[in-house]
Amino acid sequence: MGETDGKQGGKRDGRQAGDGAGEQAGDGATEQFGGEADGSGDRAGERSGDRVRRRSGLTRRRALLIGGGAVVAAGAAAVAAREELAHWWWRLPGNGKPRKEGEVDFRGAEWAAASPANYRQANRPDDYPIDRVVIHVVQGSFATALKVFRDPFHEASAHYVVRGDGHIAQAVRELDVAFHAGNRGYNERSVGIEHEGYVDRPESFTDALYAASARLTAGVCRRYGFPADREHVIGHVEVPGTDHTDPGPHWDWDRYLRLVNAELRTPPAKSA
């Protein structure tokens, strides 16, 4: 567990995209202007210019393609910079969404706050869209999970923990980025759900645990508008770069997704 992001990752990517765009734009401009110069003057000059362009491998069509590539690269760099600015805008004082101490995103969940060292405050889905649920298994008890999430030196947390009897605790708001997937991009786009138990003990996965977790995942899917399928509801083992194996071979994916989709077909309960 833990977030493998370095805080400057987004800036670093933005600079690389911008540098690449600048290099390509410079090359394209030089070659295009060179082509125009070679093509000026009388017919003899045109023939001479044609020979130069053939020797250099530069044609008017190729120059246009190079110039077009520079425009595309510059556009991609601009999009990346705009996205990074949007992420930072939400972190400025006064721009964040209203928060209440102890407020939960899943009705009936117990609030059990993780240490702020184990997640990153954000304003999802406005700064980072959410389109995944990542399923975890604690390799221990419900109480153990909440205890380590409160430890500032643990460097990991999940949004929710589900107990064997179906009780649910929320440790991190869905607004925020919990360090649960071991992959920065997946952390930013997902909600992480831990489950009490052990990957090698199928008895850990009780009927109550499956049912409660399915209601929880259905609520996440409904809130952010993505389907409950194996592309969008995944195990920790499926996150790129992870060395984890949970939820393991005894997690019944077919049963779980049937339960989640059944919940999605049920009209959501009205707030009191």
Exercise. Give the C-alpha distance, both sets of side-chain angles, the deciding distance and a yes or no for side-chain hydrogen bond (donor to acceptor under 3.5 Å, both in side chains) between Asn118 and Glu155.
Key: CA-CA 5 Å; Asn118 295 331; Glu155 298 183 340; over 6 Å; no
Please report the interatomic distance [atom1]([X]) to [atom2]([Y]), rounded to the nearest 0.5 Å.
{"X": "Ile193", "Y": "Phe106", "atom1": "CD1", "atom2": "CZ", "result": "9.0 Å"}
{"X": "Cys221", "Y": "Phe226", "atom1": "SG", "atom2": "CZ", "result": "4.0 Å"}
{"X": "Asp165", "Y": "Leu209", "atom1": "CG", "atom2": "CG", "result": "9.0 Å"}
{"X": "Arg163", "Y": "Ser213", "atom1": "CZ", "atom2": "OG", "result": "14.5 Å"}
{"X": "Phe179", "Y": "Asn187", "atom1": "CZ", "atom2": "CG", "result": "7.0 Å"}
{"X": "Lys100", "Y": "Arg173", "atom1": "NZ", "atom2": "CZ", "result": "10.5 Å"}

Report task. Output yes when a side-chain donor or acceptor of Thr245 lies under 3.5 Å from a complementary backbone atom of Gly248, and no otherwise. Result ->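 Judged by distance alone, no pair lies under 3.5 Å.
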| said: With a 3.5 Å distance limit and no angle check, can you tell me whether Arg124 reaches the backbone of Asp176 through a side-chain donor-acceptor pair? | reply: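 Present.
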Does a donor on one side chain sit under 3.5 Å from an acceptor on the other, for His159 and Ser190?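 Their side chains do not contain a donor-acceptor pair, so the 3.5 Å distance test is not met.
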Any link between Leu257 and Val137 through a network of hydrophobic side chains (Ile, Leu, Val, Met, Phe, Trp, Tyr) touching at under 4.5 Å?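 Linked, Leu257 and Val137 end up in one cluster.
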Check: Linking I/L/V/M/F/W/Y whenever their side-chain heavy atoms sit closer than 4.5 Å, directly or via other members, would Leu259 and Leu216 fall into one cluster?
Finding: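 Same cluster.
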Using links of under 4.5 Å between side-chain heavy atoms of ILVMFWY residues, direct or through other members, which residues join Ile234 in one cluster?
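Noted: Ile234 shares its cluster with Val134, Tyr186, Val239.
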Does the structure place the NZ or CZ of Arg201 under 6.0 Å from the centre of the six-membered ring of Tyr198, at an angle of no more than 45° from the ring's axis?
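Yes - Arg201 lies over the ring of Tyr198, closer than 6.0 Å to its centre and within 45° of its axis.
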- Task: Taking only Lys NZ, Arg NE, NH1 and NH2, and the carboxylate oxygens of Asp or Glu, determine whether Glu103 and Arg99 approach each other closer than 4.0 Å.
- Result: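 A salt bridge is absent here (no side-chain N lies under 4.0 Å from a carboxylate O).
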- Query: Taking it one step at a time, do His195 and His136 satisfy ring pair (Phe, Tyr, Trp, His ring centres under 6.0 Å)?
  - Reply: CA-CA 6 Å; His195 297 80; His136 302 264; 8.5 Å; no
>> Against Glu238, only a single residue in Arg132, His244, Arg230 fulfils side-chain hydrogen bond (donor to acceptor under 3.5 Å, both in side chains); can you say which?
In response: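 The passing option is Arg230.
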Could you go through the side-chain contact (heavy atoms from CB on, under 4.5 Å) check for Glu196 and Ser141 one step at a time? CA-CA 5 Å; Glu196 181 176 48; Ser141 69; 3.8 Å; yes
